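Not measured: the values here are computed from a predicted model. Each residue takes its place number in the sequence, starting with 1.
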Amino acid sequence: MQSQTQSKSGAECPPPPPPTATSSTRNQMRPVKYDYADSFACTYVVSVVAASIAELATYPLDLTKTRLQIQGEAAVDTNTSIKPKYRGMIATAYGIVREEGTMKLWQGVSPALYRHVVYSGIRICSYDFLRRKLGSDENGHMTLPLWKSALCGVSAGAVSQWLASPADLVKVQIQMEGKRRLMGEPARVHGAAHAFKEIIRRGGIAGLWKGSVPNVQRAALVNLGDLTTYDTIKHMIMVKLSMPDCHTVHVLSSICAGFVAAIMGTPADVVKTRIMNQPTDDKGRGLLYKGSVDCLRQTVNKEGFAALYKGFLPCWIRMAPWSLTFWLSFEQIRSMIGASGY
């Protein structure tokens with residue numbers, strides 16, 4: 001009977017099963033691979049790669065958004081009737097291509113990629129760590145309510161952006177160099193390394209964090225919209241509609257995340273961009289704004305509340321495909337290396 005059973009088993013699942021020791025070894029190897037793919041280091045690297053892909057694909061919209069947010073300053077500060085040269089997203093993008101060249105749409109992309117080495121890696125890993133600590137029950141299952149997810153998103157965004165703020169400052173200053181040259185103004189910086197040195201020369205090490213307060217505020221709000229919305233909507237769709245963890249779920253979740261992030265982050269983004277771009281004295285102090293609150297007050301008083309949403313359309317148009325590209329790349333890479341769904 002025993003030999004017949006073995007024969008029947010071998011016929012059903014050829015070739016014959018390996019010895020018990022080999023089978024045990026194989027089963028023991030699987031958790032090791034799974035643990036590595038879900039480890040902090042692996043998640044960090046995957047998030048940086050996915051963010052770099054998304055950044056390269058959508059960077060021209062970020063440059064256009066930055067130019068739109070700055071364009072109203074000169075006319076207001078000089079108390080003249082000069083109107084900004086560009087007013088809309090399409091006109092601004094077309095002007096950059098026509099007057100500066102197509103490749104200028106990617107001006108400042110290097111510090112943007114450097115930023116994601118710090119920012120994206122830390123924000124994803126921090127959020128994952130916090131939600132596991134705050135949302136795991138006794139059996140290890142994730143039960144994360146919305147308010148805890150929001151707290152995780154805000155915290156992860158604030159910490160990661162504060163650490164990445166110097167790279168963001170360099171990126172904003174490089175993005176504005178093309179416009180300064182067209183206006184006949186002398187160049188402030190000639191590249192990422194030069195911008196970095198100039199910032200330290202003018203304001204010391206602390207100068208690298210100029211504009212970090214509105215920057216951190218913006219990142220906290222953006223990640224509240226992005227991480228929290230993606231995580232919440234994704235699991236809601238999977239539970240309510242009984243859908244598997246698939247591309248359709250990723251697309252729907254990332255679109256919602258990009259829209260909410262744009263709504264919540266644009267006002268702080270306008271303030272951040274203006275503070276980072278303002279000229280400074282020899283001691284690194286801003287000549288236009290005393291701080292984020294003063295910038296917010298001046299912007300609303302002189303240009304109206306709608307000025308806080310300057311660049312919203314390219315911001316949203318960028319965030320939607322950025323979020324879509326990032327999350328699809330992130331989830332796909334994790335799936336390829338054997339990690340669990342995020």
Please report the shortest heavy-atom distance between [X] and [Y], naming the atom on each side.
{"X": "Leu169", "Y": "Leu208", "answer": "CD2-O, 3.7 Å"}
{"X": "Leu221", "Y": "Ala268", "answer": "CD1-CB, 4.5 Å"}
{"X": "Leu130", "Y": "Cys152", "answer": "CB-SG, 3.6 Å"}
{"X": "Ala112", "Y": "Lys171", "answer": "CB-CD, 3.6 Å"}
{"X": "Asp226", "Y": "Ser323", "answer": "OD1-OG, 3.4 Å"}
{"X": "Tyr127", "Y": "Thr228", "answer": "OH-CA, 4.1 Å"}

- Query: Hey, quick one: are Phe40 and Leu163 part of the same hydrophobic cluster, counting side-chain heavy atoms closer than 4.5 Å, chains of contacts allowed?
  - Reply: yes

message: Could you see if Val170 belongs to whatever hydrophobic cluster contains Val117? Use Ile, Leu, Val, Met, Phe, Trp, Tyr and a side-chain cutoff under 4.5 Å.
response: yes

>> Would you say OH of Tyr309 has more than 12 non-hydrogen atoms from neighbouring residues, nucleotides or ligands within 6.0 angstrom?
In response: yes

| query | How far apart are the C-alpha atoms of His247 and Gln332, what are their side-chain angles, what is the distance that settles it, and do they pass the side-chain contact (heavy atoms from CB on, under 4.5 Å) test? | reply | CA-CA 9 Å; His247 288 317; Gln332 184 62 36; 3.1 Å; yes

* Hey, mind stepping through Arg274 and Glu303 against salt bridge (charged side-chain N to carboxylate O under 4.0 Å, His left out) and telling me if it holds? -> CA-CA 13 Å; Arg274 292 192 170 195; Glu303 302 172 62; 2.6 Å; yes

Residue pairs meeting side chain to side chain donor-acceptor pair (under 3.5 Å), one or both in residues 151-162, sequence neighbours left out, come to Arg115-Gln161

All side-chain hydrogen bond (donor to acceptor under 3.5 Å, both in side chains) counterparts of [X], not counting sequence neighbours:
{"X": "Tyr119", "answer": "Asn223"}
{"X": "Thr229", "answer": "none"}
{"X": "Arg218", "answer": "Asp269"}

Set out, in order, the CA-CA distance, both residues' side-chain angles and the distance that settles side-chain contact (heavy atoms from CB on, under 4.5 Å) for Thr266 and Leu308, then state yes or no. CA-CA 7 Å; Thr266 299; Leu308 294 177; over 6 Å; no

What do the steps show when you test Thr299 against Val271 for side-chain contact (heavy atoms from CB on, under 4.5 Å), and what is the final call? CA-CA 8 Å; Thr299 301; Val271 173; 5.6 Å; no

*asked:* Tell me if a side-chain donor or acceptor on Ser149 pairs with a main-chain N or O of Leu146 at a distance below 3.5 Å.
replied: no

Listing, residues 253-264 side-chain donor-acceptor contacts under 3.5 Å, not counting sequence neighbours, or none:
residue : atom : partner : partner atom : Å
Ser253  : OG   : Lys234  : N            : 3.3
Ser253  : OG   : Val249  : O            : 2.8
Ser254  : OG   : His250  : O            : 2.9
Ser254  : OG   : Val251  : O            : 3.0

Please tabulate, for side-chain N and O atoms in residues 47-60, each donor-acceptor pair with protein atoms closer than 3.5 Å (sequence neighbours left out).
residue : atom : partner : partner atom : Å
Ser47   : OG   : Thr43   : O            : 3.2
Ser47   : OG   : Tyr44   : O            : 2.7
Ser52   : OG   : Val48   : O            : 2.9
Glu55   : OE1  : His116  : NE2          : 2.7
Glu55   : OE1  : Arg318  : NH2          : 2.8
Glu55   : OE1  : Trp322  : NE1          : 3.1
Glu55   : OE2  : Arg318  : NH2          : 2.9
Thr58   : OG1  : Ala54   : O            : 2.8
Tyr59   : OH   : Gln107  : O            : 2.6
Tyr59   : OH   : Gly108  : O            : 3.1
Tyr59   : OH   : Gln175  : NE2          : 2.9

Test side-chain contact (heavy atoms from CB on, under 4.5 Å) on Arg334 and Asp38; report intermediate values, then the result.
CA-CA 8 Å; Arg334 285 174 63 86; Asp38 282 317; 3.0 Å; yes

